[in-house]
Structure formats: C-alpha cells, structure tokens
Amino acid sequence: MSAPAPSTLAIVDAEPLPRQEEVLTDAALAFVAELHRQFTPRRNELLARRGERRAEIARTSTLDFLPETAAVRADDSWKVAPAPAALNDRRVEITGPTDRKMTINALNSGAKVWLADFEDASAPTWENVVLGQLNLTDAYERRIDFTDPKSGKSYALKSADELATVVMRPRGWHLEERHLQLGGVSVPGALVDFGLYFFHNAQRLIDLGKGPYFYLPKTESHLEARLWNDIFVFAQDYVGIPQGTVRATVLIETITAAYEMEEILYELRDHAAGLNAGRWDYLFSIVKNFRDGGAKFVLPDRNAVTMTAPFMRAYTELLVRTCHKRGAHAIGGMAAFIPSRRDAEVNKVAFEKVKADKDREAGDGFDGSWVAHPDLVPIALASFDAVLGEKPNQKDRLREDVSVAPGDLIAIDTLDARPTYDGLRNAVAVGIRYIEAWLRGLGAVAIFNLMEDAATAEISRSQIWQWINADVVFENGEHATADLARKVAAEELAAIRAEIGEETFTAGKWQQAHDLLLQVSLDQDYADFLTLPAYEQLR
C-alpha cells in the first residue's frame, strides 16, 4: 500500500530568503494547499481543453461567437456588480514588476491604478515570487523605502491619498511554481501568487478602504473565468470576508477570449471590474491559433500592426461596447515608450504618438489606459481628462453604433503592410535581448526605448516561426528560412558582444538566450508558451 500524500506544501530546491517566513507562514501555505487540492484538477482539464480548441481552429481556420451561450449575450438584464470607490476612476494605470524600487515609484506615480505584476513583467524566480509579496505587504503597512546603491537616491511613499490603487496580476494558468509542491506535484503559479497575496492582504486592504483586486491574464474562455470566480467565492469564505469584495479585470489578450467577452463578464459578474485590451499577447495568440491558416493569417512586422488596423479596431470597439453594455470598465492598451535621458527629439516624436494613441482611446469610449513609465502618466491623464472632465469614467457611452461580425476579428488580410527583412532582424534582436534579461530574473526590460515584457518575446518568436513556415519572401528578395534566422541571430549576437564588451558578454546569458530563441522559433513542434522551456532554465 502506497504512503498517503503529504497534507502540507513542501518548499523544494529553494535557497532561504530574508524574511521569507513572513510570507511562507504555515497558515498561508495551508490556504495555498487547499486552493491546489480544490482547483488544480479543473485547471488541468481547462488546459487540455485549450489544446482541443486549438486543434479545431487548425482544422477550420475560423472562429465564431458561441452558439451555446447565445442566451447570455441576448439577455440585456444582467450587469456586473458596481465598481467599488477605489476602482471607479481608472483613467491612467501604470504597470510594472513588484521589486522594491518599482513598488514605491508606481504607487507614487500619479496613476490611479498600479498593475503590480507577477506575470509578464516579472521573471518567476523564487526571489521575485516571495520578495514581491513582501514588498506589497510592506507598502500597505507603510514600512517600505529604498536607496539605490548606484546613485544613492532614496525613495519613500507619498501620503496615502496620493497613492495608486493596486491591482495585482498573478501568473497565467499554464505556469507551475516548481518550488512549492504537494505530494511531489507542483502548484500552479497562479494559485501561489493569488493565494499568498489574498491570504496576507485581503483584510489589510479592506481596512485601508480598498480591497483585493486582480488582473487575470491569458484567459482563453468563459470556463476559465468561471474557475476564477469559484476560487474567489472559496477564498472569501475561507478568510471570512464578504462575497463580492474581490474584483477582477480580465485581459482580453487571446483571440478565443475576444469571442467570449460577454460570457467572461457574466461568469465573474459579482466580482468583475472590467476588461482590458492587451496588444502583444493578442497578436501572439492570433499567430499561435491560426499558424496553419495560410497566407491570409500572416502578420506583418509587429510595429506595423497598430491599434488602427481594421481587425484591431474591431476588437477594441467590441470590447468597449461589451463592457459598457454590462456596466464594466473598458481599459485600453499599453504605451510602452521609455523616455530617453539623452535624446529630446526621440522623446518629442514618441510623446506625440502616445498622445495620439491615448486621445483615440479616450475618444473611443475607454475608461482608462496603461502606461509603462511615470513620465507618460501626465500625457495619458491629459487625454482622459479632456474627455472625462470630473466624471470618473464614461460607462454611460454605450457605443451602440458598434457592430462586429465574427470574421472582422480575424480579418488579418485587411492590412496593407507585409513582413520585412528589418522586421525579422528586429524580432531576433529584441527576442535575444529580452530572453537574456529574463534568464537573469528581469521581466520588464527597456530595449530600444520600449519597455518590453514576456509578451514581446512571444510575438517575436511567433512571427519568426510564422514567416518561415509560410515561406514569406521579404522585400529584398530573401526567403524567410531557418538558415536565414540562424544567420541573423549569429550577427545579432556578435553585434551585442561588440557593443557590451567581452567581460560583460561572458558574465551574461547571451548564448543561452540566442539558443532558446532559435529553439522556439525553429522547432516544427510550436511551443505553446516560450516561458515553459525558459522556466526550465531559470535558476
């Protein structure tokens, strides 16, 4: 007879961290273990269902609104719960990882909301997972400060009424946390991030006049939203806080979720706070799902796919209409520009683009938008102030003029732009640089004046894969081939070595990053997520 599985979580293969006992308490680990027991089996079923749906898309090269949920869409009577006061005005949200300096800067930034990110902007090292939790609790307790060891500059929190409201983003369902195991089975990273944060901070946030608020990433269906809703119900009962205290904003950053926006809000309706339009992951999802669909699904260079592309307009306008019809916030996409401290002209051009982007979103009816850097907060704020004035949001703009047919969301071939050789080179360069930083534990990385995160690497490697498999011919007459990708990658690696010097190059993880990018770009067996093989190498 086999021995019974242990009932408590084991911390596996992890060096002790300073103050980790404050995060990894017996009571908190017992809560995470219970989440794992109750919900990981359903999570596993839903991951398998993703594969089945992807196979169906490969067979049909199309998607449609779900016939089995038509009644939910047709029923005009339901709305999501009213927004709590702390989440009613979201006109500018700043995003970033939960390291100590970023925690202080984001809370002080002047943005209404900080997306405190344990997902794409954070490489999930054990240190980032545990100390990120500690930094948030320290911030709520007002016992956080930071002195930069290089500059000597000190950072401290402003007064409570000037701080952004925190909306925390746990990891997506596909990722495991190998350092926490129950009976030898790793706990999903999403349950670790959510569980530790919720257990330690739910009541603390209520006492501060706020609450446990979450961004839910990589959602692919309303059934995944239902799983999260059941987790929220269980968690609120477990710690004894009122149902409906949790609020969640769902990122519509997969093409399948775009066809289930209303159903996602419906499943979460007592806990829903809104939907967000996430650009890079959305494009990555289109490539991933329609990679067998032929030439009409081939995307051009990522920077040529702006939010004004017809299929992107269909997606964002449907999102605004859906949210406002159901009383939810519609949050716009990211302004990823990182201001240059040396080139005022670069800043001037970029700021004008950011302003145009945020003016368009505010004009389209969005209630707020994202920025990656504190210097962009005033620009985005001005765009939304001009439209909202003193109003906290514009959910009264129902956008009943919007009508989106199923085919509009995947009409990739309405774009005039085509893949270019420079686009290939940029995808390789950005991919190598980002993955190298990620393998060193950095998830948000400034590359070529843009703040890049894991979604960047996903769209980069997906486009290389797609262009090769579609036998794209670039404007210079070269065919996209595996050999060409290897040649460009070798040239980029040599250029990086020359740029940073031999000593710095050797101390980094550049060859490893180069090899991993080529692995996930050239393998015929397309990896669902780059971060899965990358996590195996993250130490």
Side-chain angles (χ1 to χ4, degrees), residues 120 123 280-281 283-284 287-288 291 298-305 336 418-539:
D120 272 2
W280 292 140
D281 265 320
L283 294 176
F284 155 53
V287 174
K288 175 161 68 172
R291 62 183 184 267
V298 172
L299 284 170
D301 304 359
R302 69 165 181 148
N303 292 328
V305 188
R418 294 289 176 267
T420 69
Y421 180 77
D422 281 348
L424 173 69
R425 187 167 286 284
N426 181 260
V428 170
V430 172
I432 292 173
R433 288 167 187 265
Y434 180 80
I435 293 169
E436 193 277 335
W438 195 92
L439 292 171
R440 287 188 289 108
L442 299 174
V445 188
I447 303 172
F448 307 145
N449 286 114
L450 292 175
M451 183 60 77
E452 308 286 16
D453 69 9
T456 301
E458 292 287 23
I459 187 62
S460 294
R461 66 95 179 193
S462 296
Q463 292 205 292
I464 298 165
W465 193 99
Q466 184 187 49
W467 294 346
I468 291 169
N469 283 273
D471 193 26
V472 162
V473 180
F474 297 119
E475 77 290 349
N476 64 358
E478 291 205 65
H479 284 254
T481 63
D483 284 344
L484 180 62
R486 291 188 192 98
K487 171 175 168 285
V488 170
E491 290 169 357
E492 287 299 327
L493 196 64
I496 290 166
R497 187 192 292 261
E499 175 190 326
I500 65 177
E502 191 65 34
E503 187 178 341
T504 305
F505 183 88
T506 305
K509 296 183 181 291
W510 294 102
Q511 187 67 49
Q512 196 177 340
H514 164 279
D515 295 350
L516 183 54
L517 177 69
L518 288 181
Q519 175 192 325
V520 295
S521 301
L522 303 184
D523 276 5
Q524 272 306 113
D525 187 14
Y526 179 98
D528 279 346
F529 292 95
L530 156 73
T531 44
L532 292 173
Y535 187 53
E536 297 303 312
Q537 300 183 28
L538 187 68
R539 291 287 181 267

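All residue numbers in this chain count up from 1 along the given sequence.
Of all heavy-atom pairs spanning T531 and E458, the tightest one is N-OE2, 4.0 Å. Across every non-hydrogen atom of P419 and F474, the tightest pair is O-CD2, 3.7 Å. When every heavy atom of I432 is checked against every heavy atom of A489, the shortest pair comes out as CD1-O, 4.0 Å. Closest approach of L442 to A123, counting heavy atoms only: N-CB, 3.9 Å. For the residue pair S460 and A427, the shortest heavy atom distance occurs at CB-O, 3.5 Å. Contact between R461 and L517 at its shortest, heavy atoms only, is CB-CD1, 3.9 Å.
Residues I464 and L518 form no side-chain contact, since every pair of their non-hydrogen atoms from C-beta on lies 4.5 Å or further apart. Looking only at side-chain heavy atoms (C-beta outward), W510 and R497 stay at 4.5 Å or farther from each other. The closest side-chain heavy-atom distance from W438 to K509 is not below 4.5 Å. Counting only heavy atoms from C-beta outward, the side chains of P300 and V305 approach each other to under 4.5 Å. Contact annotation: the side chain of W280 never approaches that of D120 to less than 4.5 Å [non-hydrogen atoms, C-beta and beyond]. In this structure the side chain of Q512 never reaches within 4.5 angstrom of the side chain of L516, judged on heavy atoms. Looking only at side-chain heavy atoms (C-beta outward), T456 and I447 stay at 4.5 Å or farther from each other. The shortest side-chain heavy-atom distance between D422 and N426 does not fall under the 4.5 Å cut-off.
Looking only at distances, no side-chain donor or acceptor of D301 sits under 3.5 Å from a matching main-chain atom of N303. Judged by distance alone, with hydrogens and angles left aside, the side-chain atoms of Y434 form a donor-acceptor pair with the main-chain N or O of G443 at under 3.5 Å.
The distance from atom CD1 of I435 to atom NE2 of H514, rounded to the nearest 0.5 Å, is 11.0 Å. Put simply, CG on D528 and CG on D525 are 8.5 Å apart, with the number rounded to the nearest 0.5 Å. The line from CG of D281 to NZ of K288 is 8.5 Å long, rounded to the nearest 0.5 Å.
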Please test D515 against Q519 for side-chain hydrogen bond (donor to acceptor under 3.5 Å, both in side chains), starting from the C-alpha separation and ending with a verdict.
CA-CA 6 Å; D515 295 350; Q519 175 192 325; over 6 Å; no
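A 6.0 Å sphere centred on CD of E499 holds more than 12 heavy atoms belonging to other residues, nucleotides or ligands.
Between R302 and E452, at least one side-chain nitrogen of the basic residue sits less than 4.0 Å from a carboxylate oxygen of the acidic one, meeting the salt-bridge criterion. Ion pair E492/R433 not flagged as a salt bridge, since none of the NZ, NE, NH1 or NH2 atoms sits closer than 4.0 Å to an Asp/Glu carboxylate oxygen. The pair D483-R486 meets the salt-bridge criterion, with a side-chain N (NZ, NE, NH1 or NH2) lying under 4.0 Å from an Asp/Glu carboxylate O.
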Using a 3.5 Å cut-off and no angle test, enumerate the donor-acceptor pairs between side-chain atoms of residues 465-473 and protein atoms at least two apart in sequence or in another chain.
unit_1: W465; atom_1: NE1; unit_2: D523; atom_2: O; d: 2.7
unit_1: Q466; atom_1: OE1; unit_2: L299; atom_2: N; d: 3.1
unit_1: Q466; atom_1: NE2; unit_2: F297; atom_2: O; d: 2.8
unit_1: W467; atom_1: NE1; unit_2: L299; atom_2: O; d: 2.8
unit_1: N469; atom_1: ND2; unit_2: W465; atom_2: O; d: 2.8
unit_1: D471; atom_1: OD1; unit_2: H479; atom_2: ND1; d: 3.0

